[in-house]
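Have a look at the structure below, then the notes.
Each chain gets a letter, A, B and so on, in the order its sequence line appears, and its residues count up from 1. What you see is a predicted model; the values in this text were computed from it and never measured.
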There are 2 protein chains.
Amino acid sequence: MATIADVARAAGVHRSTVSRILRDPKAFRGETRTRVLEAAARLDYRPSRIAQALSGGASPLVPLVVPDISNPFFARVARGAEEIARAAGLHIVVCSTGGDVEAEVAYLQAMSDLDTPCILFTPSADTVAAQVLSIARHTAVVLIDRSLPETDLRCVRVDHVQAAAAGTQHLLTRGHRRVVCVSGPMSASSARERVAGYQTVMDEAGLPAQVVEGDFTIAGGRHAAAQLFVGGEPPTAVLAANDLCAVGLLTAAREAGLRVPDDVAVLGFDDLDVAQHVNPSLTTLRQPSAELGGQAARLALADAGFGDGSDVVLTLQAELIVRESA
Amino acid sequence: MATIADVARAAGVHRSTVSRILRDPKAFRGETRTRVLEAAARLDYRPSRIAQALSGGASPLVPLVVPDISNPFFARVARGAEEIARAAGLHIVVCSTGGDVEAEVAYLQAMSDLDTPCILFTPSADTVAAQVLSIARHTAVVLIDRSLPETDLRCVRVDHVQAAAAGTQHLLTRGHRRVVCVSGPMSASSARERVAGYQTVMDEAGLPAQVVEGDFTIAGGRHAAAQLFVGGEPPTAVLAANDLCAVGLLTAAREAGLRVPDDVAVLGFDDLDVAQHVNPSLTTLRQPSAELGGQAARLALADAGFGDGSDVVLTLQAELIVRESA
DNA sequence: CTGAAAGCGCTAACAA
DNA sequence: TTGTTAGCGCTTTCAG
C-alpha cells in the first residue's frame, strides 16, 4: 500500500506538496502538479482515511444502529438516511444488534471510538439510556422512531399516539367492539405510545381495552394469536404492533379457521412492501420510513457541522392505508 | 474527550505505562495499576480506535456490502457473518448500495481506505470486476452468493445450478410442461447459474425453455407476470428469481384471476420468513443464508489473520421446501 | 515494572 | 508554489 511518502519520492517533492495537490488539484498549475498526479495514479495511491481522521478530519462513516435489519422498515430508514449522507460525502453503515442490549451498546461504543461525526440510533429498550447518554457526550446521537426516557436526546419520530388512535378509530367506525392491541415490547417507547393511543380511543368509546404484549416479528404475531384466537370470545379486530406482526396474525387466523376481515380484522403498522402482497392485503398505518431516516440524518449531520438542520421536522404523521384486512 | 496523556497526567505516570496497563491489566500488580485504572475510569477514557489503527492495529470493522438490504436474505447473511465476527472481536457493518454500481465501488473504496481487515461483498453486476480487483490488492475480499467472472476472488455460494435444476425437476414431476423461468438480472452470476440449471433440465426433458428477465424484487416479479399471464398460453408453472419475486408473482396471479397452484404453480428461492406466511404459502429452495455469511466471514477473517479458515465450505446446497404454491 | 523515544500516515500552520 | 516543522493519539521497541 503506497503512502504519501512514496508518492512524494516518486514525484521528487515534499509530502506536504503531495497532500495539497491531491486535496485540491484545481488550485495548482505548474508541471509539479502533473508529476504528482501521475505518480499518485501510477502507484495507485489512496490516502489512508485513518491517518486523515487522526490528523483533524473525522471518519466518513455515519453508523445507523437498529434492532433488526431483517425488518424492512429499517432498511427503508437506512435508505432515506443514505441519500442525505451521500450528499455530504458520507456513508451510512448499518449495525444490526438483534435486539441484544449488550451488542447495541458495544456497537455504539465502537462507532463512537472511531470518531464518527454522529450516530443514528433506534434503541431496542429503555435500559440503554444511561450508557447512550455517556456516549452522546462524545458523539452526536439522534434517535429514530423511539425516544429514550430520562434523556434529552433528540428523536425523529412518527406521532405514534395519534397514529394508533386513528387506527383504533378506524376499527370502531367499521363496527368493531372487541378490539385487542397486540403491542410491541413495552420496553420500546414506540410500543408504549401506540398502546396509549389505542387505550385513549377505547376509553372514550367506553370499551374495554385489552393489550397483549408481543414483539415486532412475524413469529411474535403468530404466537400472540395463540392466546387470542382460542378463548370463548375472540376479538373481532386486532391492532398489530407492525406489519410483520400483522402477517403473523394473518397466518394464525387462517390456521384457526377465521376469515380476515370477516371474522377478525387486522390492522398493521409501517406499510412494508409486503403489506399489499399478502392475502388478504394489509390495511396499515404507513410510516414515512425513508423520511424518518432522512430527517434524522439531516439533524445529526447538522450537529456535526455538515449542512443546516434548522428546518428538520422532528415529528411526522402516519397515514392510514385501507386495504382488505380491516 | 480524554486522551491517554490526560490519564497519564492524572495518574502521575508515563503515557506508555497507561497504554500497557489498559491493554492487559492482569499482567500488572502494583498500586500504579490501581491508580491508572482509576484515573481512566474517572476520566471516562476510551482509547481512540483511529489512533490505535494508525499505530499498527487494524480497524475493528468488517464491511458487508450488499445490493439491497431490504431483501431479508441479506439481513440473514449479515446475521451469520456477525456471529463469526463478534467472536473475533470485530463488528459487521452493512453497506447497502441499492444496486447502484457506482455506490458499490464507492463503498468498497471507502472501507478499504479505512483499513478494514477484509470485505464481504455481494456484487450486483459483473461490471465492477475490474475495480474490485484493484481493491482486493489492498484488502481481502470474499464474495458471497455471486461470483465475479474474469476474477480469482473466492466466493462462498450456493450451488445455484443444482438448486434450480432440482426446482425445475420438482415442477416437471408435478406434471407441468409449460414451465417459465422469471430470472434475476442476468448481470448477476447467481441468476445466470439458476437459468443454466433450469435450461438443462428443460432440455433433457425435451421441453421448450422460456426465460423472462426480471429482478430480485416484489415489483419485479409482478411486472414480469404482466408479460406472462396475458398471452394465449400462459405457463402452468413459474420458477421465480427468489421469494420476493415469487410474492410479486402470487399477487399478479391473483389479479389475473389465476389460482395458485392449480392454474399456475410458483416456486421461489431463499425461504424468507415471509414464504410460509403468504397465502398460498411458498414452495421454495431454501438457501442457508446465515451459513453463507458465516462461512464467508470465516474465510475473510482467516485471511486477515483472525482464526483458521482451512475448513471453510465454499459451496453449500439449497434445499427444496415444499409448501402450497408448487 | 516504568520511562524515553520513535513512528504509524497525514494535515496544517508558518516560512521562504 | 513549495519545503519545514509539529502534531493528531496511540503502541512499541529499547533501556533502565
*In the 5'-to-3' direction, what one-character label does each nucleotide of nucleotides 6-16 of chain D receive under the scheme B = base within less than 4.0 Å of a protein heavy atom, S = sugar-phosphate only, - = no such atom?*
BBBBBBBB---

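- When all heavy atoms of B:Asp311 and B:Gln295 are compared, the pair lying nearest together is O-OE1, 4.5 Å.
- A:Ser112 and A:Ile119 get closest at one heavy-atom pair: N-CD1, 4.1 Å.
- The closest donor-acceptor contact from the side chain of B:Arg33 to the backbone of B:Ile21 lies at 3.5 Å or more, if one exists at all.
- Considering only heavy atoms from C-beta on, A:Pro149 comes within 4.5 Å of A:Arg192 through its side chain.
- Side chains of A:Ser70 and B:Arg76 form no contact here, defined as non-hydrogen atoms less than 4.5 Å apart.
- In this structure, the separation between CG on A:Leu37 and CZ on A:Phe28 is 10.5 Å, given to the nearest 0.5 Å.
- Residue A:Val62 comes nearest to A:Leu301 through the heavy atom pair CG2-CD2, 4.1 Å, listed as atom of the first residue, atom of the second, then distance.
- Contacts between chain A and DNA chain C, taken as any atom within less than 4.0 angstrom of a protein heavy atom, begin and end at C:dG9 to C:dA13.
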*Show your working on salt bridge (charged side-chain N to carboxylate O under 4.0 Å, His left out) between B:Glu31 and B:Arg35 and close with a plain yes or no.*
CA-CA 6 Å; B:Glu31 55 103 42; B:Arg35 283 214 315 283; 2.6 Å; yes

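- In this structure, a donor-acceptor pair under 3.5 Å is present between the side chains of B:Ser124 and B:Glu104.
- DNA chain C lies under 4.0 Å from at least one heavy atom of each of the following residues of residues 25-41 of chain B: B:Ala27, B:Phe28, B:Arg29, B:Thr32.
- For B:Leu299 against B:Val156, the heavy-atom pair with the smallest separation is CD2-CG2, 4.3 Å.
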